[in-house]
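Accompanying notes for the structure given below.
Whatever order the structure lists ligands and atoms in, that order sets their numbers, starting from 1.
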Amino acid sequence: MIMDSNTLYDVIIVGGGIMGSTTAYYLTQKDPQLNVAVIERDLTYARASTTLSMVNARIQYTLKQNVQISQFAFDVLEHFEDRMTVNDIRPSIGYHREGNLFLYEDGDVASAKAALAMQQALGCQVTWWSPEEIKAHYPLYAPEALGLVGGTFGAQDGHFDAYAVLMGYKANARAQGAVYIEDDVTALVIDNHRIGGVKTKSGATYSSAVVINCAGAWCTELARTAGVELPVNPVKRQCFCVDPAVKSDRPLPLTILPSGFYFRTETGGMVLMGKSLPEDVIGFDFTWDQNRFMDHLWPELAEFVPAFEQLKLIRGWAGLYAVNTLDGNAILGEWPEIKGFYLANGFSGHGLQQGPAVGRYMSELITGATPTLDLSIFHPQRILDGKPIAEGGLLTKEVQYNVR
Ligand SMILES: Cc1cc2nc3c(=O)[nH]c(=O)nc-3n(C[C@H](O)[C@H](O)[C@H](O)COP(=O)(O)OP(=O)(O)OC[C@H]3O[C@@H](n4cnc5c(N)ncnc54)[C@H](O)[C@@H]3O)c2cc1C
């Protein structure tokens, strides 16, 4: 393909993963006249976090805005196949709402119940289960073995096919006029505190008064070319897929132990799992290590689900979280010191489900529309001010591991 490097775009999006593609979709839906280019260095998405994710969507957050973001995602995913059919191609996204079960020790109950009350007040289907109720729903589980005092079950939480959703947004964005360019952005062009476009590895310069950083775990490198230092680290996270000798007779929800270890069933009775550890490597490392499964994950799984003691490790993979070291939350909006330079970064391991709401919000910010959902709490000004968003309780361990 011949690059048209002389074109002046209304908006350039760097990175065509879920954030770049949802933003391109909602922008071109809102204003079909907008000239939008998405510049993506690898259109196979082999290392994009979007395609290496565990693809869980959950309502169980302690920050109201994160709950509302997921409520929109639930609506989008529920209707995705009907609404995103384009050129006679109907996406098939395998949306399974099998629930999320967060488990608690005694000391975590008060904060979990406070979060539960907030979620219920927002209309979410989340309930408190005693250890007996947990066992009645999932007889293979042994909450007594870990001294657990209960759990919160989000019945509408679930998982889906991330690649299919990404391709659905991309196909629709392109049908609405967005252009995808395969190239590597090497520098942002800045003139007098205003963005002017981007330079790429192929030697092209693309001009635009609006550039959006949707570069995922690579966002800090990109921002640095404009002299902007983001508190976002690429952190390696590993997942494993096993085939247990004893199969569960029902789908198991994404089950999260107090240690942060999580697992759920996949097709064919397989079990997927992972756990963030404090020693997880910071950097662009995609190797996976089966010793992590042997040393950390298997013993914990077998203790909580004794029936899974015998199993075969089938495969594993590693991907990158874009960890916001300030507060583990998204960074959304225009960078205060550079006009026209927007950020959609720092999703810290829960960004896939946030793609729809973030893409819609970015499109509203850029077109000057009133946001359907006010996400101004995530504005990048808080980085300059050094003021983290306080999210506590429910996700304390996850956030602790992420924010470093
Ligand atoms: C193991 C793992 C499990 C996860 N589990 C979940 C989960 O269960 N639920 C959930 O919601 N989220 C989960 N996440 C997080 C989620 O995957 C991410 O938050 C989300 O996909 C981020 O999307 P993105 O578009 O910002 O980044 P990406 O999908 O990484 O896309 C960024 C794109 O930018 C491109 N790019 C970067 N720099 C440049 C450049 N200079 N020029 C051109 N292109 C560039 C990259 O090639 C990439 O394709 C998980 C992540 C991992 C790694």
Side-chain angles (χ1 to χ4, degrees), residues 12-24 37-59 61 66 69-70 73 77 100 157-160 162-163 165-166 169-170 180-188 198-202 204 206 211-225 232 234-240 254 256 262 264 272-276 280 284-286 288 316-324 328-332 343-359 362 398 402:
I12 290 175
I13 300 170
V14 184
I18 196 68
M19 296 305 166
S21 294
T22 55
T23 302
V38 180
I39 306 182
E40 166 56 55
R41 65 159 67 116
D42 176 16
L43 288 173
T44 71
Y45 296 101
R47 293 189 158 183
S49 303
T50 297
T51 51
L52 293 171
S53 137
M54 281 287 283
V55 288
N56 182 250
R58 64 181 151 95
I59 210 83
Y61 287 93
N66 280 332
I69 284 173
S70 290
L77 292 168
N100 273 28
D157 298 351
H159 55 92
F160 54 96
Y163 189 75
V165 169
L166 173 63
Y169 270 114
K170 183 175 166 181
Y180 277 68
I181 298 167
E182 190 160 23
D183 207 343
D184 198 332
V185 174
T186 49
L188 299 165
V198 302
K199 289 183 187 299
T200 68
K201 198 172 177 180
S202 72
Y206 297 94
V211 174
I212 314 175
N213 184 344
C214 291
W218 297 267
C219 66
T220 305
E221 291 186 325
L222 180 70
R224 205 169 275 151
T225 68
V232 179
V235 180
K236 177 166 87 165
R237 302 295 193 206
Q238 298 182 53
C239 303
F240 300 88
L254 189 79
I256 304 101
Y262 61 83
R264 70 164 163 85
L272 284 181
M273 68 195 73
K275 182 178 182 180
S276 299
D280 283 347
F284 299 98
D285 177 357
F286 290 86
W288 70 282
W317 73 92
L320 302 174
Y321 277 16
V323 172
N324 174 356
N329 273 300
I331 304 167
L332 305 178
L343 308 174
N345 300 128
F347 297 98
S348 306
H350 51 262
L352 188 61
Q353 65 209 277
Q354 303 201 320
V358 168
M362 297 308 291
E398 182 187 325
N402 280 341

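By the salt bridge (charged side-chain N to carboxylate O under 4.0 Å, His left out) test, Asp285 pairs with Lys236, sequence neighbours left out. Residues meeting the side chain to side chain donor-acceptor pair (under 3.5 Å) test with Thr200, sequence neighbours left out: Asp183, Ser202. Applying the salt bridge (charged side-chain N to carboxylate O under 4.0 Å, His left out) criterion to Arg41, with sequence neighbours excluded, gives Asp184.
Within 4.0 Å of ligand 1, protein heavy atoms belong to Val14, Gly15, Gly17, Ile18, Met19, Ile39, Glu40, Arg41, Tyr45, Ala48, Ser49, Thr50, Leu52, Ser53, Met54, Val55, Asn56, Asp183, Asp184, Val185, Cys214, Ala215, Gly216, Trp218, Cys239, Gly319, Leu320, Tyr321, Phe347, Gly349, His350, Gly351, Leu352, Gln353, listed by chain and number.
In this structure, the side chains of Trp218 and Val14 stay at 4.5 Å or more apart for every pair of heavy atoms. By the 4.5 Å heavy-atom criterion applied to side chains, His159 and Leu254 are not counted as neighbours.
Side chains of Gln238 and Asp280: a donor-acceptor N/O pair is absent below 3.5 angstrom, by distance only.
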